Asker: 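Dropping a structure here in structure tokens format, bear with me for questions.
Given the structure is predicted, the values throughout are model-derived calculations rather than measurements.
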Amino acid sequence: MKYTVLSPWGEIDNTDVAALSPRLDTLAGKTIGMFAKFKHHDPVILREVARQLKERYPSAEFIHLQYPKDTAEIMNDPEFQPVFDEFLSKCDAVISGYGDMGSCALFCSYNTAFAEKKGTPCVMLSDKDFVGTTIRGAACRGIPHLRYVLTDIKDLSFIPNLDAEFISREITPQITAHLDEIIEALTSPLTETEKKIEYKDNTLAFAEFSGTLEEINEIFYHHGWTNGSPIVPPTREAVDNMLRGTDLPADYVVAKLPPMLSKATVEKIAINAVMAGCLPTYLPVVIGAVEAMADPCIHLEGYTSSRGSWGPLAIINGPIRQAIGIETGAGVLSQYTKASATIGRAIAYIIMNLSGNRPKLEDLAGIGHEGRMGMCIGEDEENSPWPGIHVQKGLHAEDSAVTMFWPQERYGFFERTADTMLPRFCVCNDLGFDPGCCYLVPESHAKTLAEAGYSKEDIMNYVVEYTRKPSSKMMVNWMRGNHHERGVVLPVNDGAPMRQYWNTDHMLICVAGAGFCSALVGGGDHGGPATVKLRLPKNWDALVAEYPPDKPDYVAY
């Protein structure tokens, strides 16, 4: 059988594309801006660049500026943008750096591209291992031909003392070896390609493909739109049927997900949902997940483009859980049921195809994550002694909602009394700079804790207060040197006890599962969680009647 299918790839806005700024004829007598991202070693690297350039061009002047925020774009930062504009007004050219990790290189290239668009010729310095991220970050922000210089300087975040001997041994030779490239990047005339505004190619976003089921699966895998698992062909008919799950227009742009910032229209979301095997009744959840991922409280690239590894977790609250068959009980994370498995997969495909985050290109996770292809669970509100997560976030109990969270690792523990349970909530080993945690607490444990007088808020406050470690086992120097204090006063003496969790902002308690508690650690360093109320279509009751919740009827033996 032959199918004609629609593309899941997102359309990119072409209004922000620009050519490179004209280069300088010489650096002599010019003012060169040295623009560093948030890490403590970036200014050290750039000062060495300035020192060597000053030897070559004694009449040149150098001014330095560091952007102290991680995973943030200056173009979206009204507080810092005037500072940056003033800095650029004094510069004839800018040298930026340093691209030393996944999301770090990405955001450094975003902000360098922003300077180029303002008419300042730039060159970005980067570890050669992250050249792909450097190029793609700038291209995503409309500067596809950003000039860059690649070195072998690795991430120096965990080296607390960048003294003169270290600089002389590790940094100086690298800058010396690449100094001519830096000069050339700022002074060699633009090529004909660099002079042109190169609009982004949207051909694939509007493409249709025809073939057998096997051929369609191969085409989609070849384009990097799946992980190779079989998909449901997103034919026009299947997508139109999926669109019955919302009253939003097909061309309505739900969000522009970074880094690619393609238009996550309702139709594109529906295409990815069809591929994953979703039913029309699942579409409100998938749309809500896209809205949550686009929430400014989540710096999405931090979770999807980092060297670290996180998996997207969607937690569903409200009546929709039962209406579509979201798992809440035993085996909740195993993804054995259709709704949980396919919604998680749809979210993962959307991250690949609308966020534009692909392995080894934008997703530079060193190890990867077993939940990267999506996790979807529901809170067991009917058997919980506490309000649901969505109620804690300000919604009504009768509302349906999705909460997006990004766990990194998991710990399980089994206790039977409140007094023994509470200390076990405090054993998680998270070395993040502003860590979070989602605790999955089964009904029996939740009731034991509630009967002892503990609310969700009490437990989370207990965890914040009593989860402590010697500062020698925490990344204190890294946090301080890389501007990650975030209002927390860090200890000055090595070994002093300090809180592992700084507050409850990134902490959740979800009543789900059975048998024992599980702590899904992570989901704080780059923001979140984000909770979104789901928008159900007017035909919801009829749609649920047409697609009732379905769970397997396992054959006995």
Asker: Is there side-chain contact between N383 and T328, with at least one heavy-atom pair below 4.5 Å?
Answerer: no

Asker: Nearest 0.5 Å, what's the CG-SG distance between L313 and C510?
Answerer: 8.0 Å

Asker: Start with the C-alpha gap between R468 and Q500, add the side-chain angles, then the distance that decides, and say whether side-chain contact (heavy atoms from CB on, under 4.5 Å) holds.
Answerer: CA-CA 5 Å; R468 295 175 182 262; Q500 180 168 304; over 6 Å; no

Asker: How many angstroms lie between atom CE of M75 and atom CZ of R141, to the nearest 0.5 angstrom?
Answerer: 7.0 Å

Asker: Under a 4.5 Å cut-off applied to non-hydrogen side-chain atoms, are W9 and N202 in contact?
Answerer: no

Asker: Looking at side-chain heavy atoms only, is the closest gap between C376 and I347 below 4.5 Å?
Answerer: no

Asker: Quick check for you: to the nearest 0.5 Å, what is the distance between C426 atom SG and Y501 atom OH?
Answerer: 9.0 Å

Asker: Can you confirm whether P435 sits close enough to V521 that some side-chain heavy atom of one is under 4.5 Å from a side-chain heavy atom of the other?
Answerer: no

Asker: Any idea which heavy atoms bring P529 and H506 closest together, and the distance?
Answerer: CD-CA, 3.9 Å

Asker: Please list all pairs meeting ring-ring contact (aromatic ring centres under 6.0 Å, His included) that have one or both residues in residues 256-311, counting only residues at least two apart or in different chains.
Answerer: Y303-W310, Y303-W406, Y303-H526, W310-H526

Asker: Where do T112 and S96 come nearest, in terms of heavy atoms and distance?
Answerer: OG1-OG, 2.7 Å

Asker: Counting distance only, does the side-chain N/O of N217 pair as donor-acceptor with the main-chain N or O of I231 below 3.5 Å?
Answerer: yes

Asker: Ignoring hydrogens, what is the shortest heavy-atom contact between A314 and V402? Give both atom names and the distance.
Answerer: CB-CG2, 4.0 Å

Asker: Can you find a heavy atom in the side chain of D251 that is under 4.5 Å from one in the side chain of E267?
Answerer: no

Asker: Are E379 and I316 packed together at the side-chain level, in the sense that at least one heavy-atom pair is separated by less than 4.5 angstrom?
Answerer: no

Asker: Are the side chain of N111 and the backbone of F107 linked by a donor-acceptor contact shorter than 3.5 Å?
Answerer: yes

Asker: Taking the six-membered ring for Trp and the full ring for Phe, Tyr or His, determine whether the centres of Y439 and F425 are under 6.0 Å apart.
Answerer: yes

Asker: Do D155 and R307 sit within salt-bridge range, that is, some charged N less than 4.0 Å from a carboxylate O?
Answerer: no

Asker: Can you spot which of K393, K533, R321 makes a salt bridge (Lys or Arg N to Asp or Glu O under 4.0 Å) with D399?
Answerer: K533

Asker: Write down the atom of I216, the atom of S210, and the distance for their closest heavy-atom approach.
Answerer: CD1-C, 3.9 Å

Asker: With sequence neighbours left out, write down each residue that passes salt bridge (charged side-chain N to carboxylate O under 4.0 Å, His left out) with E457, or none if nothing qualifies.
Answerer: none

Asker: With ring centroids as reference points, do H223 and F209 lie under 6.0 angstrom apart?
Answerer: yes

Asker: Where do A250 and T265 come nearest, in terms of heavy atoms and distance?
Answerer: O-CB, 3.7 Å

Asker: Enter the distance from D380:CG to E382:CD here, rounded to the nearest 0.5 Å.
Answerer: 6.0 Å

Asker: Hey, does the side chain of S384 reach the backbone of V511 with a donor-acceptor pair shorter than 3.5 angstrom?
Answerer: no

Asker: Counting distance only, does the side-chain N/O of Y98 pair as donor-acceptor with the main-chain N or O of D127 below 3.5 Å?
Answerer: yes

Asker: Going by heavy atoms in the side chains, are I459 and K456 under 4.5 Å from each other?
Answerer: no

Asker: Judged by atom type as modelled, is there a donor-acceptor pair below 3.5 Å linking the side chain of Q322 to the main-chain atoms of I324?
Answerer: no

Asker: Please evaluate residues Y148 and S126 with respect to the criterion side-chain contact (heavy atoms from CB on, under 4.5 Å), reporting the C-alpha separation (whole Å), side-chain torsions for both, the decisive distance (0.1 Å), and the verdict.
Answerer: CA-CA 7 Å; Y148 52 86; S126 180; 5.6 Å; no

Asker: Taking N357 for the side chain and I351 for the main chain, is one N or O donor matched with an acceptor at less than 3.5 Å?
Answerer: no

Asker: Run the salt-bridge test on D100 and K154 with the 4.0 Å N-O cut-off and return the result as yes or no.
Answerer: no

Asker: Show, in sequence, the C-alpha distance, side-chain angles and deciding distance for Y462 and T467, and conclude whether the side-chain contact (heavy atoms from CB on, under 4.5 Å) test is met.
Answerer: CA-CA 8 Å; Y462 185 97; T467 306; over 6 Å; no

Asker: Indicate yes or no for a side-chain donor-acceptor contact from N272 to the backbone of K268 under 3.5 Å, with no hydrogens or angles considered.
Answerer: yes

Asker: What's the separation between atom CG in L146 and atom CE in M124, rounded to the nearest 0.5 Å?
Answerer: 7.5 Å

Asker: For the side chain of S309 and the backbone of G368, is there at least one donor-acceptor N/O pair under 3.5 Å apart?
Answerer: yes

Asker: Would L440 and I377 satisfy side-chain contact (heavy atoms from CB on, under 4.5 Å), going step by step from the backbone distance to the final call?
Answerer: CA-CA 10 Å; L440 302 185; I377 67 174; 3.8 Å; yes

Asker: Are H445 and F516 near enough that their ring centres are under 6.0 Å apart?
Answerer: no

Asker: Using only atom types and a distance under 3.5 Å, with no angle test, would you say the side chain of T281 pairs donor to acceptor with the backbone of V544?
Answerer: no

Asker: Drop me the distance from L106's CG to K37's NZ, to the nearest 0.5 angstrom.
Answerer: 12.0 Å

Asker: Could you tell me whether E370 and R410 make a salt bridge, using a distance below 4.0 angstrom between a side-chain N and a carboxylate O?
Answerer: no

Asker: Just by modelled atom types, is the G318 backbone N or O under 3.5 Å from a matching donor or acceptor in the E381 side chain?
Answerer: yes

Asker: Take atom OH of Y336 as the centre, draw a 6.0 Å sphere, and report whether it contains more than 12 heavy atoms from other residues, nucleotides or ligands.
Answerer: no

Asker: Taking all atoms of both residues into account, what is the closest heavy-atom pair of S7 and W225, and its distance?
Answerer: OG-CH2, 3.7 Å

Asker: Under 6.0 Å from the OH atom of Y221, do we count more than 12 heavy atoms belonging to anything else shown?
Answerer: no

Asker: Any side-chain heavy-atom pair from Y67 and C108 closer than 4.5 angstrom?
Answerer: no

